[in-house]
Amino acid sequence: MAPGKVGIEVRERLKNQVAVMKKKFPDFKPGLAILQVGNRDDSNLYISMKLKAAAEIGIDANHIKLPNTATEAEVLKCITALNENPAVHGFIVQLPLDSNKPINTEKITNAVAPEKDVDGLSSINAGKLSRGDLGDCFIPCTPKGCMELIRQTGKELTYLLKTNALAEEVSKADILVVAAGKAEMVKGEWIKPGAVVIDCGINYIPDSTKASGKRVVGDVVYSTAKERAGYITPVPGGVGPMTVAMLMQSTVESAQRFLEKFQPGKWSIQYNQLTLKTPVPSDIEISRSYMPKPIGQLAKEIGLISEEVELYGQTKAKVLLSALKRLKDKPDGKYVVVTGITPTPLGEGKSTTTMGLAQALGAHLHQNVFACVRQPSQGPTFGIKGGAAGGGYSQVIPMEEFNLHLTGDIHAITAASNLVAAAIDARIFHELTQTDQALYTRLVPLINGIRQFSDIQIRRLQKLGIRKMEPTTLTEEEMHKFVRLDIDPTTITWQRVLDTNDRFLRSITIGQSPTEKGFSRTAQFDITVASEIMAVLALTDGLEDMRRRLGRMVVASSKTGEPVTTDDLGVTGALTVLMKDAIKPNLMQTLEGTPVFVHAGPFANIAHGNSSVLADKIALKLVGQEGFVVTEAGFGADIGMEKFFNIKCRYSGLQPHVVVLVATVRALKMHGGGPTVSAGVPLPKEYTEENLQLLANGCSNLSKQIQNARIFGIPVVVAVNVFKTDTEAELDLVAQMAKEAGAFNAVKCTHWAEGGKGALALAQAVQRASQAPSHFKFLYNVELPVMDKIRIIAQQIYGADDIELFPEAEQKIILYTKQGFGNLPICMAKTHLSLSHDPERKGVPKGFVLPIRDVRASVGAGFLYPLIGTMSTMPGLPTRPCFYDIDLDPVTEEVNGLF
């Protein structure tokens, strides 16, 4: 018998089948995983055969080897990961398990997903086999190989016998299959002349002629049996290759079954069907009327495995950064940024458009799609703005979870920021009240009679040029340099933070207690989302990078003008610990069941106003090459979009494919010279009646923002959010003027009232635009002088004639350049209500010089931010805040009053 020849024929057939699959799906490859526990010689031999065969056929085989100290729980954890890995279609546990820990083999084999159990060892596959359900199960590979060999002889197998009278029964057998696991147990003289003998045994016996001191034999004495048998399989080279061939066949069959159910690269996702109502109910009513699917189910649908997901209840979860590491070799999807015209009090609906577009791409065009948005601050939620989850039938749900604590990221940032503030004032206090020796003794204390520097103190010594590791060897001068940060209190830029709108914290006096010995100073609170740590979270690309960024945050200058960092304060490690969970993006979903990452929420004026780089990167890997990630930039295109390109994309290395620019007829009318509006007062008729001239005038702002986007070399699709008072003539005029200004397309959108269906035309336009040629480029080279970079933004994006530097701004530019920060990108802190510095100037202001009042540095985040005018970093509460309407139903525990 020539099993090797049969095996080669099987492999050649499988090779052709795999080639057919790859021709239809070029990026697809059948995947096989082999899990081994321990290091048995026979297992190693079989596994090497399997890996070689898989490579020949074109199967992507992965060998996972656990030590013989692996516990049952560790093996089960590994099995769970392989079960959930969509790239694995066949999966075997190599038996026997070679562990010195007690492991239940049946429990292990039954843990393998039946649809991947290509060894056919699970109880479910055995049950299906026993009832004859051969089209939906896997037959164990060795019996399957034996049956194939028997078929090759032309003989039929009638029964198998178990007996104690072994030699007698063997001598009667026309077909003999031996799988006893005992070396040369069946003697040649027992064999019936002309019988078919299949020897499944793999055994080692001593052999001094071999280099290893042993050789492989079967369960049958081959040398004598071959003289009597009609057909016999040799060992090695007999059943082993057939078993391997059948394993490969089952793996290919499993991959074919996968392709029948799923399209490679496409999520198998359950979408929610919307039941639209007219008039459109309130946002909270709509949110409450749809039950979100369990977040763990959504995570599985989009290709995350369970060990990459930390559930926070049933509607939100953290996604671990290990997902990005696992997916690092996958191609990125299409990257879309949603921005808008210059904002007005009438609203443009960027968040609603972001959600509507995601719902249209996913639930209606069946594309893999992720929305990535910022986490809102609780300050405005309880103040005047309300929620920020989108609106109508295009929103994140549950909206109360989205708008309130979520998973505690903002609270972690609050704690970290305030720890830095406490460290600054405590250090100034201790330096004022202690000698060098006393400071040194306390900073490097004796522990068990030994004085040692901590890692962060060693970094400070290296920064100071002191190359000593032994604390007792420092000179008095070195000790002085080490213990004295010598912070100039007038240069402190770091503020305490709170995620609440509180106008009375805008200026405070600290240190008034007698215990502070007369050291007091004027300080302030910022709202948490204005903290540099929030910007760091949004721009970091991993834990190590976050620790570096947190460590280089500049909090003040010394009295000699040197920058003082959080690393100098010794607080970097503690900040990283406080932020270790906040760095993981938060997973939620839209009304129609498409995934949303909610992560980071930096201000869009003194910071860059975009959600996190990490969320975008993970999402781009999860959606795959043909999928879409839709992210939103804060405020108008002149602010959020410009910073998205020049800051976020510069640090992330990602290149966007499409800009979606959101506009409304009534907002454009305001830019055209329409009257001001007041909260609670009916809109003037200019906004509710057709006025083409006013609209045409206002379209100048739309045209300018289209131009701003095109400066970066990216195609622009204009989304016109439709209101019921808009006329067809007005909507057509906006579309016409947008295209004349260079937009790739301009489409009407009704997603607020219709969900994804209302953004279908927008989604199709985005698809087409993503395939159009693009030539992404940054606006400026960071190596340019600071003043030149500011001027480029002012003139090319805002339309200013020039810039004017106030004396303080000039001094800061000189200082930051001297301190080595001159090559950072620029983050302009300017009003969002106008292209100019004057919020009252709508449309496209001309003939203005942009005043630069001051320049500040967020060195950890990685940018300088010039201040144009006065920027409030702590909002106040209005006369009637939103909290008047917010309450909890004690019976249902539902939150009422959010909008």
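Only heavy atoms go into these numbers, but all of them, side chains included; no hydrogens, no water, no symmetry mates. What you see is a predicted model, and the numbers here were worked out from it, not measured in a lab.
- Remark: Arg326 engages Glu308 in a salt bridge, criterion side-chain N to carboxylate O under 4.0 Å.
- Two residues are said to be in side-chain contact when any heavy atoms from C-beta on lie closer than 4.5 Å; Arg547 and Thr572 meet this criterion.
- Outside the 6.0 Å centre-distance limit, the rings of Phe603 and Phe635 are not counted as a close aromatic pair.
- The pair Lys481-Glu478 does not count as a salt bridge, with every side-chain nitrogen at least 4.0 angstrom from each carboxylate oxygen.
- Salt-bridge formation is detected for the pair Arg856/Asp854: a Lys NZ or Arg NE/NH1/NH2 atom is positioned less than 4.0 Å from an Asp or Glu carboxylate oxygen.
- When all heavy atoms of Thr381 and Cys882 are compared, the pair lying nearest together is O-CB, 3.5 Å.
- Rounding to the nearest 0.5 angstrom, the gap separating the NE2 atom in His837 from the CG atom in Leu867 is 14.0 Å.
- Judged purely by atom type and a 3.5 angstrom limit, Thr566 uses its side chain to pair as donor or acceptor with the backbone of Gly551.
- For the residue pair Arg442 and Gln434, a side-chain donor N or O sits within less than 3.5 Å of a side-chain acceptor on the partner.
- Here OG of Ser652 is found 7.0 Å from CZ of Phe644. Values are rounded to the nearest 0.5 Å.
- Considering all non-hydrogen atoms of both residues, Leu614 and Pro585 come closest at C-CG, 4.4 Å.
- Within the 4.5 Å cutoff, no side-chain heavy atoms of Leu888 are placed close to those of Asn896.
- Side-chain atoms of Trp494 never come within 3.5 Å of backbone atoms of Ser531 as a donor-acceptor pair (strictly under, hydrogens ignored).
- No hydrogens or angles considered: a donor-acceptor pair under 3.5 Å links the side chains of Asp545 and Thr540.
- Of the possible donor and acceptor atoms, one in the side chain of Tyr651 sits under 3.5 Å from a partner among the backbone N and O of Gly862.
- The minimum heavy-atom distance linking Ala582 with Leu537 is given by the pair O-CD1, 3.6 Å.
- The main-chain N or O of Ser836 is found under 3.5 Å from a side-chain atom of Ser834 such that the two form a donor-acceptor pair.
- Taking the ring axis of Tyr798 as reference, the NZ or CZ atom of Lys830 stays within 45° of it and closer than 6.0 Å to the ring centre.
- Within the 3.5 Å criterion, the main-chain N or O of Ala861 finds a donor-acceptor partner in the side chain of Glu532.
- Under a 4.0 Å N-O distance rule, the pair Glu632/Arg374 does not qualify as a salt bridge.
- Asp887 pairs by the side-chain contact (heavy atoms from CB on, under 4.5 Å) definition with nothing, not counting sequence neighbours.
- Ion pair Arg459/Asp455 not flagged as a salt bridge, since none of the NZ, NE, NH1 or NH2 atoms sits closer than 4.0 Å to an Asp/Glu carboxylate oxygen.
- Taking the side-chain contact (heavy atoms from CB on, under 4.5 Å) definition, one finds that Lys580 meets it with nothing, sequence neighbours left out.
- The two residues Asn586 and His599 make their nearest non-hydrogen contact at ND2-CD2, 4.1 Å.
- In plain terms, the two heavy atoms of Pro825 and Asn646 that are nearest each other are CB-O, 4.0 Å.
- Between Val497 and Ile413 there is no side-chain heavy-atom pair separated by less than 4.5 Å.
- Salt bridge absent: Arg427 and Asp568 never bring a charged side-chain N and a carboxylate O closer than 4.0 Å.
- To the nearest 0.5 Å, atoms CD1 (Ile527) and OG1 (Thr500) are separated by 7.0 Å.
- No side-chain donor from either of Thr491 and Ser557 sits under 3.5 Å from a side-chain acceptor of the other.
- No side-chain heavy atom of Leu498 sits under 4.5 Å from any side-chain heavy atom of Asn418.
- Salt bridge annotation for Lys648-Asp616: present, with a cationic side-chain nitrogen under 4.0 angstrom from a carboxylate oxygen.
- Counting only heavy atoms from C-beta outward, the side chains of Met641 and Asp638 never approach each other to under 4.5 Å.
- In this structure, the side chain of Thr435 engages the main chain of Ala438 through a donor-acceptor pair within 3.5 Å.
- Aromatic rings of Phe370 and Phe597 (six-membered ring for Trp) have centroids within the 6.0 Å cut-off, being under it.
- Looking at Leu539 and Ile647, their side chains come closer than 4.5 Å, going by heavy atoms from C-beta outward.
- Contact check for Ser351 versus Val373: no side-chain heavy atoms found under the 4.5 Å cut-off.
- We find the CD-CG distance between Gln811 and Leu805 to be 11.5 Å, quoted to the nearest 0.5 Å.
- Between atom CZ of residue Phe821 and atom OG1 of residue Thr817 there is a gap of 10.5 Å, rounded to the nearest 0.5 Å.
- Panel note: side chain Thr339, backbone Ala633; no donor-acceptor pair is recorded below 3.5 Å.
- Looking only at atom types and distance, the side chain of Thr560 has no donor-acceptor partner in the side chain of Glu562 under 3.5 Å away.
- Using a 4.0 Å cut-off between charged nitrogen and carboxylate oxygen, Asp567 and Arg460 do not count as a salt-bridge pair.
- Rounding to the nearest 0.5 Å gives a distance of 9.0 Å between CG of Leu569 and CG of Leu575.
- Applying the 6.0 Å contact sphere to CD of Glu477 captures no more than 12 heavy atoms from other residues, nucleotides or ligands.
- Crowding of Glu893 atom CD: a count of heavy atoms from other residues, nucleotides or ligands under 6.0 Å not exceeding 12.
- Looking only at side-chain heavy atoms (C-beta outward), Asp885 and Arg880 come within less than 4.5 Å of each other.
- Ser611 and Thr631 form a side-chain donor-acceptor contact under 3.5 Å, judged by distance and modelled atom types alone.
- Taking the centre and axis of the six-membered ring of Phe778, the NZ or CZ atom of Arg650 falls inside the cone set by 45° and 6.0 Å.
- The backbone N or O of Asn605 sits less than 3.5 Å from a side-chain atom of Lys643, completing a donor-acceptor pair.
- Residues passing the side-chain contact (heavy atoms from CB on, under 4.5 Å) test with Gln378, sequence neighbours excluded: Phe382, Leu404, His405, His411, Asp499.
- The shortest non-hydrogen separation linking Cys649 to Leu654 is CB-O, 3.5 Å.
- A salt bridge is defined here as a Lys NZ or Arg NE, NH1 or NH2 lying under 4.0 Å from an Asp or Glu carboxylate O, and Asp486 with Lys559 meets this definition.
- A salt bridge is absent between Lys584 and Asp409; no separation between the charged side-chain nitrogens and carboxylate oxygens falls under 4.0 Å.
- A salt bridge links Arg484 to Asp436: one of the charged nitrogens lies within less than 4.0 Å of a carboxylate oxygen.
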Thr873 vs Ile606, side chain to side chain contact (heavy atoms under 4.5 Å, CB included): CA-CA, chis, key distance, verdict:
CA-CA 8 Å; Thr873 51; Ile606 67 165; 3.6 Å; yes
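- The environment of CE in Met787 is sparse: at most 12 heavy-atom neighbours from other residues, nucleotides or ligands sit within 6.0 Å.
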